[in-house]
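Okay, structure first, notes after.
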Amino acid sequence: MTQDPVATAASNNPVLSTLVTAVKKAGLVDTLNNSKDITVFAPANPAFDKIPAADLNKVLADKPALTKLLTGHVVQGRLTPAQLAGTHKSLAGTTINVTGSGETFKVDGKASVICGNVQTANATVYIIDTVLMGK
């Protein structure tokens with residue numbers, strides 16, 4: 001994953017296939033691939049399974065809502081695990097609050113980081129187990 005930009009790298013990871021489908025549907029592939037130094041909180045496939053199907057389909061069909069939801073998982077700058085805890089403003093303008101340290105982090109009090117500090121050519125990725133709904 002380290003040689004590819006973030007959206008391309010994610011497309012090569014089967015654990016992130018639902019996220020990749022959503023990113024393509026929102027037209028964010030180029031935006032993410034061309035962004036410099038970002039951190040992505042990437043929901044794994046089971047995170048999307050937690051959303052009722054009708055709600056998920058509604059968001060997937062609404063490009064502005066989907067774009068806001070997805071950019072709500074991205075912050076400017078490459079956050080190291082030492083920098084992760086704290087409050088971060090997403091590209092959607094929402095707030096992401098991360099607590100924890102070491103290898104145990106909670107995002108917005110609901111999502112757990114299941115795999116962190118994954119490096120791509122332009123981003124640091126933290127794979128999470130719950131979709132962030134933004135606040």
Side-chain angles (χ1 to χ4, degrees):
M1 287 181 72
T2 60
Q3 301 303 312
D4 291 324
V6 67
T8 302
S11 71
N12 294 321
N13 187 334
V15 172
L16 300 174
S17 61
T18 305
L19 175 62
V20 169
T21 298
V23 166
K24 287 178 181 175
K25 203 161 189 118
L28 291 172
V29 172
D30 289 340
T31 300
L32 291 173
N33 276 347
N34 294 322
S35 294
K36 296 213 182 302
D37 297 329
I38 56 175
T39 296
V40 178
F41 294 91
N45 293 342
F48 288 95
D49 294 339
K50 293 180 182 180
I51 301 172
D55 294 345
L56 181 59
N57 289 334
K58 183 177 178 183
V59 172
L60 288 172
D62 182 344
K63 190 172 179 180
L66 182 59
T67 299
K68 181 169 179 147
L69 176 74
L70 295 173
T71 56
H73 288 75
V74 182
V75 299
Q76 196 59 53
R78 285 181 175 253
L79 299 175
T80 66
Q83 300 167 315
L84 198 58
T87 301
H88 310 283
K89 186 174 183 179
S90 76
L91 298 186
T94 56
T95 300
I96 298 173
N97 187 41
V98 182
T99 57
S101 64
E103 294 183 16
T104 306
F105 291 96
K106 276 279 199 207
V107 184
D108 286 347
K110 296 179 185 144
S112 294
V113 173
I114 54 176
C115 181
N117 202 26
V118 178
Q119 301 299 312
T120 71
N122 68 325
T124 300
V125 179
Y126 292 88
I127 298 174
I128 56 177
D129 67 355
T130 303
V131 176
L132 306 178
M133 299 315 274
K135 23 178 187 163

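These values consider heavy atoms only, across backbone and side chains, with no hydrogens, waters or symmetry-generated copies. The model shown is predicted, which means the values in this text are computed figures rather than measured ones. When a residue number appears, it is its place in the shown sequence, counting from 1.
- Here the closest heavy-atom approach between residue Ala44 and residue Ile114 is recorded as CB-CD1, 4.0 Å.
- Expressed to the nearest 0.5 Å, how far CD of Gln76 lies from NZ of Lys36 amounts to 11.0 Å.
- Cluster membership for Val15 and Val118, using ILVMFWY side-chain heavy atoms within less than 4.5 angstrom, is not shared.
- The side chain to side chain contact (heavy atoms under 4.5 Å, CB included) check on Lys89 picks up nothing, with sequence neighbours excluded.
- Taking the side chain to side chain donor-acceptor pair (under 3.5 Å) definition, one finds that Thr104 meets it with nothing, sequence neighbours left out.
- As a member of the Ile/Leu/Val/Met/Phe/Trp/Tyr network built from side-chain separations under 4.5 Å, Val98 groups with Phe41, Val75, Leu79, Leu84, Ile96, Phe105, Val107, Val113, Tyr126, Ile128, Leu132.
- Side-chain atoms of Asn122 come within 3.5 Å of backbone atoms of Leu32 as a donor-acceptor pair (strictly under, hydrogens ignored).
- Considering all non-hydrogen atoms of both residues, Leu70 and Ala26 come closest at CD1-CB, 3.8 Å.
- Pairs passing the salt bridge (charged side-chain N to carboxylate O under 4.0 Å, His left out) check and including a residue from residues 90-107, sequence neighbours excluded, do not occur.
- Among pairs with a residue in residues 75-85, those fulfilling salt bridge (charged side-chain N to carboxylate O under 4.0 Å, His left out) read Asp37-Arg78, at least two apart in sequence or across chains.
- Residues forming a side chain to side chain contact (heavy atoms under 4.5 Å, CB included) with Val20 (at least two apart in sequence, or on another chain): Ala10, Ser11, Lys24.
- Minimum interatomic distance between Asn33 and Val6 (heavy atoms only, all atoms of both residues): OD1-N, 3.6 Å.
- In this structure, Pro81 and Gly102 approach most closely via the heavy-atom pair CB-O, 4.4 Å.
- Gln119 contributes atom CD, which lies 12.0 Å from atom CD of Gln3 (distance to the nearest 0.5 angstrom).
- Nearest approach of Gly100 to Ala85, heavy atoms of both residues: O-CB, 3.5 Å.
- In terms of the side chain to side chain contact (heavy atoms under 4.5 Å, CB included) criterion, residue partners of Ala47 (sequence neighbours excluded) are, by chain and number, Pro43, Val131.
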Under 3.5 Å, sequence neighbours excluded: what are the donor-acceptor pairs made by side chains of residues 50-61?
unit_1, atom_1, unit_2, atom_2, d
Lys50, NZ, Asp129, O, 2.9
Lys50, NZ, Thr130, OG1, 2.9
Asn57, ND2, Ala53, O, 3.2

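- Scanning for side chain to side chain donor-acceptor pair (under 3.5 Å) contacts around Asp108 gives an empty result, with sequence neighbours left out.
- Proximity of a side-chain donor or acceptor of Thr120 to a complementary backbone N or O of Pro5 within less than 3.5 Å is not detected.
- Under the rule for a side chain to side chain donor-acceptor pair (under 3.5 Å), the partners of Asn45 that lie at least two apart in sequence or sit in another chain are Ser17, Thr18.
- For Gln83, the side chain to side chain donor-acceptor pair (under 3.5 Å) criterion is met by Thr80, not counting sequence neighbours.
- With rounding to the nearest 0.5 Å, the separation of CG in Asp62 from CG in Leu69 is 10.5 Å.
- Not counting sequence neighbours, the partners of Thr71 by the side chain to side chain contact (heavy atoms under 4.5 Å, CB included) test are Leu28, Thr67, Leu91, Ala92.
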